[in-house]
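One structure, pasted below without further comment.
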Amino acid sequence: MKDMFVSDSVTYVGVDDTTLDLFESQYRIPYGVSYNSYIIFDEKIAVMDTVDPRGTEEWLANVRTALGERKPDFLVVQHLEPDHSGSIRRFVEEYPEVTLVGNQKTFPMIEQFFAIKTTAVKTLTVAEGDTLSLGSHTLQFFLAPFVHWPEVMVTYEQTEKLLFSADGFGTFGALSSDIDWITEARRYYINIVGKYGAQVQNLLKKASGLSIAAILPLHGPVLKENLGYYIDKYLTWSSYTPEEEGIVIAYASLHGNTAKAVRRLEEILRQKGVQNVAVFDLNRDDMSVAIEYAYRYDRLVLASVTYDASLFPAMEDFLYHLKIKNFQNRKVGYIQNGTWAPASARFMKAQIAEMKNITEVEPVVTIRSALSAANLTELEALADALV
């Protein structure tokens, strides 16, 4: 278990989930995920968020142990996605005198998700910059709409300089897993929050005016040291700037011939000194990892067979994911294959044309069924253009 000690006044009470196969029913999480929750102890006690229903009973046991004979005064609800709010109803049943703290968009969602009539429970509605005193600790609330839901807010504790960052700075991976932060934080950000770069930039501007000693996200470890590193990564990702020089080759091959062309291109690129080359078989590899690397590197090659006078489904899916995550500011090259009417490049180009600041690289390599000597020359030319 990673060190989740925050301070003598702030206790971690979250839980790990190591048996869930798909996060949000679409992202593979081989290392699990954590659902984070914290308790701030003072004259009054504030619980920061709940956990997914999968972890309710374990979380409540953690809360009871931490509280002892005391009762919570506030439950701060920063984000209504069920992996963080899914235990609100059980919590209110156990602690009926608690006051739910949220913004004006929070409480309608609570009613929708949990059939809790907010008129029947204690609530406190906060707005941008509002504060809540617990005694020697003071919470200040900042709205973060569409990072990545409209009701999201983050909370800054002024005394200990703690930023409770909601889904910001979160990662896949249970706390009991042995992974580096960057490994799963990038994949988490690009796939979960990637669409909302402008909104993340706005939140980072707010955070830049705060003195922050630690960042407490709703997934993954508490960040206490070298905070500039984590913030710099978020500045890069949210601005859609390539993180590193490198080339992703994403391919959809039907009978293996397009795959052979891709492997040959990979060899040529490495011979030309390109160290970072990541190849993804879109039919088999994890789509979220392919999307992550497309954002990580500055160049992308799309290679697809023509299928039913269009694109192979896996390539169609990949381009759809790029588009909805606001893919931009990259160089893109193409390899198409077809036996009688190769047309996949036209369809790939049409999708890419809907994305911002894309530089297309020539030549388009056109394979007719299987690699030819002419194709090898074209692959060399494409490699030169990419390098």
Side-chain angles (χ1 to χ4, degrees), residues 3-15 35-51 59-80 84-85 87-107 110 116 118 121-144 151-170 203 206-207 209-218 221-224 227:
D3 177 17
M4 295 298 281
F5 175 80
V6 182
S7 72
D8 292 338
S9 302
V10 182
T11 299
Y12 177 81
V13 289
V15 299
Y35 310 122
N36 295 348
S37 174
Y38 310 87
I39 302 179
I40 304 172
F41 289 91
D42 205 321
E43 294 172 20
K44 294 184 178 181
I45 295 174
V47 177
M48 306 299 294
D49 297 290
T50 74
V51 302
W59 172 72
L60 280 174
N62 292 344
V63 170
R64 294 187 198 105
T65 298
L67 289 175
E69 298 300 317
R70 298 187 67 181
K71 302 293 183 184
D73 298 280
F74 303 103
L75 172 62
V76 178
V77 182
Q78 298 187 113
H79 183 19
L80 258 294
H84 308 303
S85 67
S87 301
I88 289 178
R89 187 178 185 87
R90 284 281 287 108
F91 188 76
V92 170
E93 289 171 352
E94 182 134 347
Y95 301 105
E97 294 303 309
V98 74
T99 296
L100 304 185
V101 181
N103 58 70
Q104 63 177 358
K105 294 184 179 179
T106 303
F107 297 111
I110 288 179
I116 296 174
T118 51
V121 296
K122 295 180 180 179
T123 63
L124 173 63
T125 302
V126 296
E128 177 75 16
D130 283 356
T131 59
L132 173 63
S133 175
L134 304 178
S136 62
H137 293 76
T138 299
L139 306 183
Q140 186 172 19
F141 305 99
F142 295 94
L143 303 184
E151 88 302 347
V152 174
M153 64 182 187
V154 301
T155 307
Y156 179 65
E157 197 292 298
Q158 295 177 348
T159 302
E160 299 193 46
K161 302 178 180 180
L162 308 176
L163 180 65
F164 295 85
S165 59
D167 269 343
F169 299 95
L203 180 58
K206 295 179 183 181
L210 304 173
S211 175
I212 301 172
I215 299 174
L216 291 74
L218 289 179
V222 170
L223 307 176
K224 302 176 184 177
L227 297 185

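Residues take their numbers from the sequence shown, with the count starting at 1.
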Backbone N/O of I40 and side chain of S9: donor-acceptor pair under 3.5 Å: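 Between the backbone of I40 and the side chain of S9 there is no qualifying donor-acceptor contact (under 3.5 Å).
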Considering all heavy atoms, the nearest A214-V222 contact: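 Looking at all heavy atoms of both residues, the closest pair is CB-CG1, 4.5 Å.
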4.5 Å side-chain heavy-atom contact, L227 and I212: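 Yes, side chains in contact.
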Any L210 side-chain heavy atom under 4.5 Å of F142 side chain: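 With C-beta onward as the side chain, the pair touches.
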Distance, nearest 0.5 Å, that separates OH of Y95 from CD1 of I45: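 With rounding to 0.5 Å, OH (Y95) is 9.5 Å from CD1 (I45).
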Under 3.5 Å side-chain donor-acceptor pair for T155 and Q78: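 On atom types as modelled, these side chains qualify, holding a pair under 3.5 Å.
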Inter-residue atom distance Q158.CD - S133.OG, 0.5 Å rounding: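 It comes to 9.5 Å.
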K71/E97 ion pair, N-O < 4.0 Å: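 No, no charged N to carboxylate O under 4.0 Å.
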Approximate separation, where rounding is to 0.5 Å, of T99 OG1 and F74 CZ: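 T99 OG1 to F74 CZ: 5.5 Å, rounded to 0.5 Å.
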Positive for side-chain hydrogen bond (donor to acceptor under 3.5 Å, both in side chains) with H84, one of D167, T50, D49: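 Exactly one option meets the side-chain hydrogen bond (donor to acceptor under 3.5 Å, both in side chains) with H84, and it is D167.
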Separation of L216 CG from Y12 OH (nearest 0.5 Å):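 Y12 OH to L216 CG: 10.5 Å, rounded to 0.5 Å.
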Shortest non-hydrogen separation from G102 to F107 and the atoms involved: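 Looking at all heavy atoms of both residues, the closest pair is N-CZ, 3.5 Å.
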side-chain contact (heavy atoms from CB on, under 4.5 Å) evaluation trace for H137 with F41: CA-CA 9 Å; H137 293 76; F41 289 91; over 6 Å; no
Taking every non-hydrogen atom, the tightest pair across L80 and E151: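 Here L80 and E151 meet closest at N-OE2, 2.6 Å.
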Side chain to side chain, V76 and L139, heavy atoms closer than 4.5 Å: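 Of all side-chain heavy-atom pairs linking L139 with V76, at least one is under 4.5 Å.
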N103 side chain to A127 backbone, donor-acceptor under 3.5 Å: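 Judged by distance alone, no pair lies under 3.5 Å.
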Under 3.5 Å donor-acceptor, E160 side chain and L162 backbone: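 Checking the backbone N and O of L162 against the side chain of E160, no donor-acceptor pair under 3.5 Å is found.
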Pairwise side-chain contact, V98 with F91, heavy-atom cut-off 4.5 Å (strictly under):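 V98 reaches F91 side chain to side chain.
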Residue pair F141 / V154, side-chain heavy-atom distance below 4.5 Å: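 F141 vs V154: side chains apart.
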Carboxylate-amine/guanidinium proximity below 4.0 Å for E93 and R89: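 Counted as a salt bridge, because a side-chain N and a carboxylate O are separated by less than 4.0 Å.
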Step-by-step side-chain contact (heavy atoms from CB on, under 4.5 Å) determination, T65 to V63: CA-CA 5 Å; T65 298; V63 170; over 6 Å; no
Min side-chain heavy-atom separation Y38-F164 under 4.5 Å: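 Yes - at least one pair of side-chain heavy atoms lies under 4.5 Å apart.
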Pair L100-K122, side-chain contact (heavy atoms from CB on, under 4.5 Å): steps then yes or no: CA-CA 6 Å; L100 304 185; K122 295 180 180 179; over 6 Å; no
Test item: S165 side-chain N/O and G168 main-chain N/O as donor-acceptor pair under 3.5 Å: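 A pair under 3.5 Å: yes.
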Note, V126 side chain near M153 side chain (heavy atom, < 4.5 Å):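 Yes, close enough: below the 4.5 Å cut-off.
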E94 to L60 - nearest heavy-atom pair and separation: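 It is OE1-CD1, 4.2 Å.
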With V101, the side chain to side chain contact (heavy atoms under 4.5 Å, CB included) member among L75, T106, L132, V77: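 The residue from L75, T106, L132, V77 that satisfies side chain to side chain contact (heavy atoms under 4.5 Å, CB included) with V101 turns out to be L132.
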Polar side-chain atom of T125 near backbone of Q104 as donor-acceptor pair, under 3.5 Å: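 Flag not set: sc T125 to bb Q104 has no pair under 3.5 Å.
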Distance (rounded to the nearest 0.5 Å) between M48 CE and E157 CD: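 The CD atom of E157 is 9.5 Å from CE of M48, to the nearest 0.5 Å.
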Whether N36 side chain and G14 backbone form a donor-acceptor pair below 3.5 Å: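 Between the backbone of G14 and the side chain of N36 there is no qualifying donor-acceptor contact (under 3.5 Å).
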Exceeds 12 heavy-atom contacts within 6.0 angstrom, atom NZ of K224: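 Check passes, neighbour count above 12.
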K206 bridged to E128 by N-O distance under 4.0 Å: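 A salt bridge links K206 with E128.
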Student check: side-chain heavy atoms of V121 and I116 closer than 4.5 Å: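 Counting from C-beta outward, V121 and I116 do come under 4.5 Å.
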